[in-house]
Amino acid sequence: MTPFTTLTGIAAPYPRANIDTDLIIPARFLKTIKRTGLGKFLFDPVRYRPDGSEEPDFVLNREPYRRAEMIIAHENFGCGSSREHAPWALADFGIRCVIAPSFADIFFNNSMKNGILPIRLPREICDALMGDAAMGGNARISVDLARQVVIRPNGEEIHFEVDPLRKRLLLEGLDDIGQTLQHEASIGTYETKQKAAQAWLPSISI
Amino acid sequence: MSEGKPRTLFDKIWDSHVVETLPDGTCVLYIDRHLVHEVTSPQAFEGLRLAGRPVRRPDATLAVVDHNIPTTDRRAGIAEDESRIQCETLEQNVAAFGVPYIPVLDDRQGIVHIVGPELGFSLPGMTIVCGDSHTSTHGALGALAFGIGTSEVEHVLATQTLLQKPAKNMLIRVDGQVGPGVTAKDIALAIIGKIGTAGGTGSVMEYAGEAITALDMAGRLTLCNMSIEAGARAGLIAPDEKTYAYIEGRHFAPKGADFDAAVAYWRTLPTDSGAHYDITVELDAASIAPMVTWGTNPEAVLPVTGIVPNPADLADPSARVSMQRMLDYMDLKPGQKLTDIPIDVVFIGSCTNARIEDIRAAADVAKGRKVASGVQALVVPGSGLVKKQAEAEGLDQILLDAGFEWREPGCSMCLAMNPDRLKPGQRSASTSNRNFEGRQGPGGRTHLVSPAMAAAAAVTGYFTDVRELA
């Protein structure tokens, strides 16, 4: 996983609540067997017209937001399906951070496993950051994960919460499996105990 | 968890699956059952291959194809290249990693969340995961079941565990009895209408109360299926005699003395009296009517007797904009009666509503009637076993005589990954779970309803109060 330490870049304001995973990437683009190459389908229903041309009003089709590395949105970002194609599409486009008042649980987890930092901040702060983002290309917003702050273009620092384990894995770019396999002996012990206590547990074979 | 402290059903399942608690409170949680399908697994198997890791518990894993496959004759294979490659990739992966797999032409093939309970793969007290958000379905058996992303699919394949923090306990109490024509789907939509699509975020929702215990297992599975649409991590219903009777004799279920031992354990699972819930929501079953969604998320829902709401009535400007966007997308006008909305397509299927009980409900309405002119109506059973059962009962013939199409099992038009999809501008009455923009095909307009309400819409061509269809 790509580590996430600090990020300074262009933020795209997308003032909409309940941005669902079918909007982020519709199901017909989930037929890939790879993780890459999904950026061109990101937000397909609103980014392109039915004839395939760009929808000029959509934020990611406007300068400077074509080069956005952050998205700022409203409540319940990423609701809907468990498709990890949603963060894969965001990452492939170049998005490394999403700031919103709230996120759907599965999307939140999936993002952090792909080097994307989801930051929960109150609605009024998200609205202020959207105001900053709307100023255009020179209005850079920064995120410092180690210090857990978002830095506005005027220098104001806003603290955010992050799970300590997730923070460490993101900073170091570590994946979960390596972390968990450090506890492999405990997993084996658990399995032995379960087998003894629940001898009736069926084994699956076709 | 201290000895003797009253615990919820969720607390008990959680506690019994903690392998280790890390210093920051994150738990290594053991996973008893893992369902795998073709869409969210290829990258996970690829990850295992790159790291040289095996599947830790093939004997706790079950794979099936469901999302991509056509619902017409499958003996000739899959015409669409990408869909075929994804299904073939699953077949190669299960062979290489030794994972039990149900092929597409096997009678037991179907939608993962229909197959798991139907085969007795999913059992009370278990932790169950799948790379699909509607894994919440299996909570109806009293199992902690939730959807995961592909990285977590790989994590479970490699370690049979997940790194998780406990969720909040949320209780949804539905007291009293529902009226005639009101189903589990309507209860689910009424709950989401009340608490919203983020109402359950961070929580595991346990459903209780007279109206819940009165539901049959099919209804309970429908209700728990929709928990994710309320944003919940999982839905749960305490196992009871109906649960045990449902499980007994199923393909993978414990048999004989093993079954008795299992039931003895399952009886210890229901929430202790006095256990603490962080959030409690109460609904009166008698006040719930057959429901129809009018907008582009499941909380935009009203009784079928309702009228399309007016954005001008909302005080919050951003809520007003959001409602107007929904009405524009759905091509609806404030004040329009829901029963005046004409439909083009009816879809009866999906992991929400494609069990035998759902097909029976649809056939009950369809019997002796005809699908309205200009309406296409699809019935897609949830599994090959559901299809066979329906055919044994003659339900397929009732539906065919009425002008419905009778298809092969799969996810189909719920998410339109196969050829079953709405054309731009088409409007559906759908028994599936999501009415997001474009969910059933680009530009398609989805209204969520129960199977009986979908069949009623099919025969009249409009949303129709099934209670008035004498």
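In what follows, chains carry the letters A, B, and so on, assigned in the order in which the sequence lines appear, proteins first and then strands, with residues in each chain numbered from 1.
- Contacts between A:Arg166 and chain B at a heavy-atom distance below 4.5 Å involve the side chain alone, from C-beta outward.
- Aromatic ring centres of A:Phe41 and A:Phe93: separated by at least 6.0 Å.
- Residue contact with chain B, scored on non-hydrogen atoms closer than 4.5 Å, is absent for A:Glu75.
- Within the 4.5 angstrom heavy-atom criterion, atoms from both the backbone and the side chain of B:Thr150 approach chain A.
- No other option in B:Leu163, B:Thr40, B:Ile228 has as many heavy-atom pairs under 4.5 Å with chain A as B:Leu163.
- Between the side chain of A:Arg96 and the backbone N or O of A:Ala91, no donor-acceptor pair lies under 3.5 Å.
- For chain B, the option among A:Asn109, A:Asn114, A:Asp163, A:Val46 with the highest count of heavy-atom pairs below 4.5 Å is A:Asp163.
- Interface remark: B:Gln43 contributes backbone and side-chain atoms alike to the contact with chain A (heavy atom separation under 4.5 Å).
- With respect to A:Glu54 and A:Arg49, no salt bridge is recorded, no charged nitrogen being found less than 4.0 Å from a carboxylate O.
- If you measure heavy-atom distances from A:Asp44 to chain B, you find no contacts under 4.5 Å at all.
- Proximity to chain A is limited to the backbone of B:Val18, based on heavy atoms less than 4.5 angstrom apart.
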- Please test A:Lys113 against B:Glu152 for salt bridge (charged side-chain N to carboxylate O under 4.0 Å, His left out), starting from the C-alpha separation and ending with a verdict. CA-CA 9 Å; A:Lys113 291 179 171 137; B:Glu152 290 183 318; 2.7 Å; yes
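- Using modelled atom types and a 3.5 Å distance limit, the side chains of B:Gln164 and B:Arg233 yield no donor-acceptor pair.
- Taking chain B as the reference chain and counting heavy-atom pairs below 4.5 Å, the highest number among A:Cys79, A:Pro164, A:Gly80 is found for A:Gly80.
- Side-chain atoms of B:Asp420 and B:Ser412 include a donor-acceptor pair closer than 3.5 Å.
- Judged purely by atom type and a 3.5 angstrom limit, B:Asn418 uses its side chain to pair as donor or acceptor with the backbone of B:Ile69.
- Only the side chain of B:Lys165 has a heavy atom closer than 4.5 Å to any heavy atom of chain A.
- Cation-pi geometry between B:Arg33 and B:Phe121 is met: under 6.0 angstrom from the ring centre, within 45 degrees of the axis.
- Using a 4.5 Å cut-off between heavy atoms, B:Thr159 touches chain A through backbone and side chain atoms alike.
- Side chains of B:Arg434 and B:Ser133: a donor-acceptor N/O pair is present below 3.5 angstrom, by distance only.
- For B:Thr61, the part sitting under 4.5 Å from any heavy atom of chain A is the backbone (N, CA, C, O) and nothing else.
- Side chain of A:Lys40 to backbone of A:Gly37: a donor-acceptor contact under 3.5 angstrom is found.
- Proximity to chain A (any heavy atom under 4.5 Å) is restricted, for B:Ser16, to the backbone atoms N, CA, C and O.
- Interface summary for chain A: among B:Gly25, B:Gly443, B:Ala198, the most heavy-atom pairs under 4.5 angstrom belong to B:Ala198.
- Heavy-atom distances place no part of A:Ser102 under 4.5 Å from chain B, backbone and side chain included.
- For B:Phe259, no part sits under 4.5 Å from any heavy atom of chain A, backbone or side chain.
- Put simply, the side chain of B:Lys423 never gets that close to the backbone of B:Gly444: no donor and acceptor are under 3.5 Å apart.
- For the set B:Thr135, B:Ile148, B:Leu62, the entry with the most heavy-atom pairs within less than 4.5 Å of chain A is B:Ile148.
- Only the backbone of A:Lys34 comes within less than 4.5 Å of a heavy atom of chain B; no side-chain atom from C-beta onward does.
- With respect to chain A, the highest number of heavy-atom pairs below 4.5 Å among B:Asp59, B:Asp258, B:Thr296, B:Asp106 belongs to B:Asp59.
- Side-chain rings of A:Phe77 and A:Phe108 stay apart, their centers remaining 6.0 Å or farther from each other.
- Between A:Ile141 and A:Met70, the shortest heavy-atom contact is O-CE, 2.9 Å.
- A salt bridge links B:Glu154 to A:Arg35: at least one charged side-chain nitrogen sits closer than 4.0 Å to a carboxylate oxygen.
- For B:Asn433, no part sits under 4.5 Å from any heavy atom of chain A, backbone or side chain.
- Counting heavy-atom pairs under 4.5 Å between each of A:Asn110, A:Asp176, A:Asp105, A:Leu201 and chain B puts A:Asp105 at the top.
- The cationic atom of B:Arg57 (NZ for Lys, CZ for Arg) does not lie both less than 6.0 Å from the six-membered ring centre of B:Tyr30 and within 45° of the ring axis.
- Checked options B:Glu88, B:Glu80, B:Glu82; the residue passing with B:Arg84 is B:Glu88 (criterion: salt bridge (charged side-chain N to carboxylate O under 4.0 Å, His left out)).
- A donor atom on one side chain and an acceptor atom on the other are not found under 3.5 Å apart for B:His37 and B:Asn68.
- Your options are A:Arg83, A:Gln198, A:His74, and the one with the most heavy-atom pairs under 4.5 Å with chain B is A:Gln198.
- Contact annotation for B:Leu162: neither backbone nor side-chain heavy atoms come within less than 4.5 Å of a heavy atom of chain A.
- The most heavy-atom pairs under 4.5 Å with chain B, out of A:Asp175, A:Leu23, A:Ile106, come from A:Ile106.
- Contact of B:Leu119 with chain A is not made at all, since no heavy-atom distance falls under 4.5 Å.
- Among A:Ser205, A:Ala86, A:Pro45, the residue with the largest count of heavy-atom pairs under 4.5 Å with chain B is A:Ser205.
- Between chain A and the residues B:Lys255, B:Arg56, B:His134, B:Met126, the most heavy-atom pairs under 4.5 angstrom are made by B:Arg56.
- Ion pairing between a basic and an acidic side chain is recognised when a charged N comes within 4.0 Å of a carboxylate O; A:Lys195 and A:Glu191 show no such pairing.
- Residue contact with chain A, scored on non-hydrogen atoms closer than 4.5 Å, is absent for B:Pro424.
- Interface residue B:Tyr265: only side-chain heavy atoms are found under 4.5 Å from chain A.
- In this structure, the portion of B:Val28 lying under 4.5 Å from any heavy atom of chain A is its side chain and not its backbone.
- Contacts of A:Phe107 with chain B are absent, with no heavy-atom separation under 4.5 Å from either backbone or side chain.
- For A:Ser186, the parts lying near chain B are the backbone and the side chain together; criterion is any non-hydrogen pair under 4.5 Å.
- Relative ring orientation between A:Tyr190 and B:His17 is described as tilted, the plane-to-plane angle lying within the 30° to 60° band.
- Interface summary for chain A: among B:Ala257, B:Ser151, B:Pro442, B:Pro42, the most heavy-atom pairs under 4.5 angstrom belong to B:Ser151.
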